[in-house]
Amino acid sequence: MKKMQEQYLPKKIEKIVQKYWEKNKTFKVQVDKKKEKYYCLAMLPYPSGDLHMGHVRNYTISDVISRYQRMLGKNVLQPIGWDAFGLPAEIAAIENNTKPEIWTKENIQKMKKQLKSLGFSYDWDREIKTCDPRYFYWEQWFFIQLYKKKLVYKKTAPVNWCENDQTILANEQVIKGKCWRCNTKINIKIIPQWFIKITKFAKELLKNIENLEFWPKEVKLMQKNWIGRSKGMQIIFDIYNSANKIKIFTKNLENVINTNAIILSPLHHITKKFSNTNINIKKFINNKNIQLNIYNKYKYKTKKKIFTNKYAINPITKKKIPIWIDKTINIQHSYQTKIKIIKYNINNKYIKKNSDFKSNNYQINTITNKNVKKKKNNIYYKNKKIKLSKIYKILKLFKKIKKKTTFKLRDWSVSRQRHWGTPIPMGTVNNKIIQLPEKILPILLPKNQDIKKKNKITIDNKKITLENETFDTFMESSWYHIRYTCPNYKYGMVEKKSANYWLPIDQYIGGIEHATMHLIYFRFYNRLLYKLNFIKNPEPVIKLLCQGMVLSDAFYYIKNKKKIWINKKSLNIIHNKKGKIIQAYTKKKKKPVTYAGIIKMSKSKKNGISPKKIIKKYGADTIRLFIIFAAPPKSSLTWNPKGVLGIYKFLNRFWKFINKHYLIKPQKTKQKMNQKELKFYVKLQQTITKVTYYIEKINKLNNAVAQIISLVNNLIKSKFCHKKNHNFIRDVILIIIKIFHPFIPHFSFFVWKKLTNKKNIDNENWPILKPNKKKNKITIIIQINGKKKKILNIYNKKTKGEIIHKVIKKQNIKNNLINKKIKKIIYIPNKILNFVI
RNA sequence: GCGGAAGUGGCGAAAUUGGUAGACGCACUAGAUUUAGGUUCUAGCGCCAAAUGGUUUGCGAGUUCGAAUCUCGUCUUCCGUACCA
């Protein structure tokens, strides 16, 4: 037996272990029908440069779960790849005077190396790069299939337009209504774009949310609201002195009676008609004055609303209702749904501010919670009681009303006016749209990076003008989970045999920010592939885990009215006695800075911590263990350098402790456990049960680690370490190492090899210990009016009467009960005894 | 604006889902060991109080024998809001 290093040297051991895994392809998996499969997937990273802490967290959680499932004897698939197309590559290419593909490739190389240094158990043979033609080939092919099925179409839609740069901007590139580069005011441009008919599946996507048993309820709720089904009625309003009509959707007829204004979006077709005869409206709704995505009404500095001088006629009350145009109505939304009714509440700001509403003085019944029930089926108009059902019948007779169900969900716009993306496999011949023949796929990216130029090809003597736009990158990330099951399959999009075996994903892990968009597209795309008979499951994911963000301290000072962010390292920070930051100033110039609190790690705020440096200093196992231990996966995590050091010290202690005991050869004779050992054995058994529960049932990995750390510290401090029964300690260490393995795989790999002198821990099973029967100690809390007064330990079952009898003899209970009348005694067996006085 | 979530010591957090609030760890304090730092070990540690004890889960009400947990109101922070990924 070789002597183990006294010192814990993670750098050395981690390299050895990682090389072993790589050489032996330990985590390569294949279809094996004899084994139960487990597909564990973390959302694929965008190759932005270096790995950041958010990645480390996401992939560590995924790896812990994968390794745990592997120890349960399952065939675990944990793949990784790169979401390689996207806007940042184009921006970086311009800034660094390079090409997006070169920048992306370099980043992938860097980040791959960093991922490997963290010891994640990926099947690297399945690595996918979405910018690889072998990948997007099938995306283009599938789009053509959808086109054939009439599930895609082209229509006009608004985009952000910068007049100065003559480019279309992403929402992110618009800051406070201005271009982020040249500060020009942004306006909208309406251009033709490709759409996928996700709305056709709105009902199904909504209904199936109920079947997602192991998804977080907040995600399900957000998706429900995003799809936004509402059942109601469509009512037709005539326009006064005009042949035009306005269709209105409402859930409640009462609202219509009380309506005192109709508000149109600037892009509504009626608005356009009005603008033809009214210069003021024309000026007001000029594209230059309208912006996309205004969430808050008060962001517009200029006039937000304009009265059209037109009135609609309320089909119920026959009153004239003023029609207004409001720029702050979400354009994207109202572009389709067309109309909005103002609320009937008399306190509404619209009514208070605008006299036009006031002049329209018919009776308004403000509804309060109290009288809403009474009025449910009736309304009061001019003090007369009218049945709602009667109104409905009359309106229906005149064809002014019909039942309607609407959805908030809009069709998926997939066109992007970008170079660095999957080319859309469509074209035009003599201005007529055609799909490209499948035989010429994949359509590669044009060498010419200028998006404004259209390329032409000749096929079968036809001159085809190619679509110069590319797909939304959500397209790539919507089906990668399927391609991972057959990444190198040449004869089709999906190899059914592998897909049927591996899918659906058993555990999917990613940030909560993807709760609606990505995860809805993901479900939608999976459903499409299911409908077209490529895969067997309509839903992609059984269990979903959404992890929080990684935060850290941030500091800034003000220069020229701008915040200049500064890294913690170049500051002297003064804490108060209790450790709170009270002051900070720069090391060099002693300039005071402002503490911005604990915020999301980002390059721009200069508060990022490089995982690379931490790995170099303390090793992968330390960073893995810390990031899991520091916070529950769901909540955000604050980076604490001292906490990392604490974990490192802990691993050191554990390493040295093992070193002390493994050197002793196992004893041949079996010995019985003594009392202390038996007690520890019970704790070990309980710990395994808890750790299993925390990992598998509630994903509270931080609690699992807390349990193990506590157990190890208990072991190190225990007095039986130097007793004769070395076998006991050896056995205990081996079991602890097993349950610790998913978290610190290098550490455990090395220790296991040394202790067992043969085997590989990667093939070990999760330990199960039989509970050791012990005398049952029962703790009963004695309360007076629900407040704890005493803790009573009993060893044999006792009746309520016996316990009360015993308790009221105790001095402090006696004191509390003197001269008091006991109203009630509540007894919950083996738990609580509460005197109500 | 709309949708979702969170708020517990100096800090990260725990609380078996309505039943001992603060497990586990960091930081801090005191002592021991030590070679300067670090390491390691022992003890203490929500707040008030010398102490019996009292009081504490953003704030304000309510339900209950009993509330961090349920209900209503309110404040703050974070995520998303359809072209960042």
Side-chain angles (χ1 to χ4, degrees), chain A residues 43 45-46 48 83 86-88 91 159-160 168-174 216-219 221-222 224-226 228 292-299 328 330 332-333 408-410 412-413 415-418 472-474 477 511-518 520-521 546 548-549 551 575-580 597-600 626 629-632 634-647 649-650 652-653 656 690 693 698 700 702-703 705-710 713 717 779-788 790-791 812 815 823-826 828 831-832 834-837:
Chain A
M43 289 180 189
Y46 179 80
S48 52
D83 191 12
L87 187 61
I91 295 161
V159 291
N160 299 304
I168 286 160
L169 298 180
N171 286 340
E172 201 192 37
Q173 295 172 302
V174 180
K217 65 174 192 314
E218 60 270 21
V219 174
L221 200 55
M222 275 190 258
K224 254 186 199 170
N225 293 333
W226 183 271
L292 275 170
N293 309 307
I294 299 296
Y295 306 128
N296 187 339
K297 286 182 194 180
Y298 305 101
K299 274 185 184 171
T328 62
N330 189 320
Q332 294 271 15
H333 191 249
K408 262 190 208 158
L409 186 73
R410 302 199 302 262
W412 181 7
S413 153
S415 297
R416 296 292 180 271
Q417 300 70 36
R418 309 261 160 72
D472 174 13
T473 54
F474 275 129
S477 56
I512 186 72
E513 67 271 21
H514 296 294
T516 45
M517 300 189 63
H518 164 66
I520 284 183
Y521 294 138
C546 292
M549 287 175 310
L551 319 170
H575 298 84
N576 68 7
K577 254 190 180 177
K578 289 182 172 176
K580 237 183 181 175
I598 298 162
I599 58 177
K600 186 179 174 180
F626 173 75
F629 179 55
K634 269 190 168 189
S635 30
S636 52
L637 177 150
T638 313
W639 189 258
N640 176 2
K642 282 179 180 166
V644 181
L645 188 65
I647 290 292
K649 280 184 205 167
F650 163 79
N652 259 298
R653 274 203 307 274
K656 279 179 193 164
K690 281 183 191 169
Y693 172 76
I698 55 171
K700 278 214 150 187
N702 56 324
N703 286 3
V705 172
Q707 288 296 328
I708 304 173
I709 289 180
S710 175
N713 283 338
K717 284 178 189 173
T779 309
I780 293 174
I781 314 301
I782 313 301
Q783 297 178 331
I784 289 173
N785 285 346
K787 294 218 163 183
K788 180 185 71 173
K790 193 158 183 71
I791 296 168
N812 76 332
N815 293 346
K823 287 181 193 162
K824 215 195 227 177
I825 298 172
I826 288 160
I828 292 149
K831 238 181 191 175
I832 298 267
N834 188 13
F835 294 94
V836 185
I837 57 171

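Lettering of chains follows the sequences in order, A, B, ..., and the numbering in each one begins at 1.
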Partners meeting side chain to side chain donor-acceptor pair (under 3.5 Å) with [X] (sequence neighbours left out):
X	answer
A:W412	A:D472
A:S710	none
A:N713	none
A:H514	none

Looking at the angle O4'-C1'-N9-C4 for a purine or O4'-C1'-N1-C2 for a pyrimidine, is B:U17 syn or anti, with syn meaning within 90° of 0?
->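 Syn conformation for B:U17.
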Which label fits B:G9, syn or anti, where anti is any glycosidic angle not within 90° of 0?
->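 Glycosidic conformation of B:G9: syn.
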On a whole-Å scale, what distance lies between the [atom1] atoms belonging to [N] and [M]?
N	M	atom1	result
B:A68	B:U55	C1'	16 Å
B:U74	B:G25	P	42 Å
B:G38	B:A23	P	27 Å
B:A6	B:G12	C1'	15 Å
B:U69	B:U52	C1'	32 Å
B:U33	B:U42	C1'	11 Å
B:G66	B:A21	P	15 Å
B:A13	B:U81	C1'	31 Å

For the atom pair [atom1] ([X]) and [atom2] ([Y]), what is the distance rounded to the nearest 0.5 Å?
X	Y	atom1	atom2	result
A:Y693	A:I698	OH	CD1	4.5 Å
A:T516	A:L221	OG1	CG	12.0 Å
A:N834	A:I781	CG	CD1	11.5 Å

Which one, [options], comes nearest to the side chain of [X]?
X	options	answer
A:S710	B:C24, B:C78, B:C65	B:C24
A:S635	B:A13, B:C83, B:A85	B:A13
A:W226	B:G3, B:U81, B:C83	B:U81
A:K642	B:A27, B:C78, B:A85	B:A27

Expressed as a whole number of angstroms, how long is the span from [X]:[atom1] to [N]:[atom2]?
X	N	atom1	atom2	result
A:K217	B:A6	NZ	C1'	11 Å
A:L221	B:G4	CG	C1'	7 Å
A:N652	B:G25	CG	P	16 Å
A:K824	B:U64	NZ	P	10 Å
A:F474	B:C84	CZ	P	8 Å
A:M222	B:U81	CE	P	11 Å
A:N785	B:U55	CG	P	12 Å
A:F626	B:C11	CZ	P	16 Å

Can you list the residues that meet the salt bridge (charged side-chain N to carboxylate O under 4.0 Å, His left out) rule with A:D83, with sequence neighbours excluded?
->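 By the salt bridge (charged side-chain N to carboxylate O under 4.0 Å, His left out) rule, A:D83 matches no residue at all.
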A:E218 meets the salt bridge (charged side-chain N to carboxylate O under 4.0 Å, His left out) criterion, sequence neighbours left out, with A:K634
For [X], which contact category applies under a 4.0 Å heavy-atom criterion: base, sugar-phosphate, or nothing?
X	result
A:Q173	nothing
A:P632	sugar-phosphate
A:K634	nothing
A:S636	sugar-phosphate
A:E218	sugar-phosphate
A:M549	sugar-phosphate
A:H518	nothing

For A:I784 and A:I837, work out which heavy atoms get closest and say how close.
-> CG2-CD1, 3.8 Å
Which residues share a ring-ring contact (aromatic ring centres under 6.0 Å, His included) with A:F629, sequence neighbours left out | none
Please list, chain by chain and in numerical order, all residues satisfying ring-ring contact (aromatic ring centres under 6.0 Å, His included) with A:F474, sequence neighbours excluded.
-> A:Y521
May I ask you to verify if any side-chain N or O of A:N225 is less than 4.0 angstrom from the OP1 or OP2 atom of B:G4?
->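 Yes, because at least one side-chain N or O of A:N225 sits under 4.0 Å from OP1 or OP2 of B:G4.
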Short side-chain N/O contact from A:N713 to OP1 or OP2 of B:G25, under 4.0 Å | yes
Mind pulling the stems RNA chain B is in, i.e. runs of at least three Watson-Crick or G-U pairs, everything under 3.5 Å?
->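 Detected stem regions: B:1-7 with B:75-81, B:10-12 with B:24-26, B:28-32 with B:40-44, B:46-48 with B:53-55, B:58-62 with B:70-74.
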What string of B, S and - do you get for nucleotides 16-23 of chain B 5' to 3' if you count protein non-hydrogen atoms under 4.0 Å?
-> ---BBS-B
By side-chain contact (heavy atoms from CB on, under 4.5 Å), which residues pair with A:N171, not counting sequence neighbours?
-> A:N160, A:N293
Is A:M222 close to A:I512 at the side-chain level, that is, under 4.5 Å between some pair of heavy atoms?
-> yes
Do any N or O atoms of the protein come closer than 3.5 Å to N or O atoms of nucleotides 35-39 of chain B, and which pairs are they?
residue: B:U39; atom: OP1; partner: A:K649; partner atom: NZ; Å: 2.3

Between A:I826 and A:I832, does a side-chain contact (heavy atoms from CB on, under 4.5 Å) hold up when you go through it step by step?
-> CA-CA 8 Å; A:I826 288 160; A:I832 298 267; 5.6 Å; no
Residue whose nearest RNA chain B nucleotide is more 5′ - A:T473 or A:I512 = A:I512
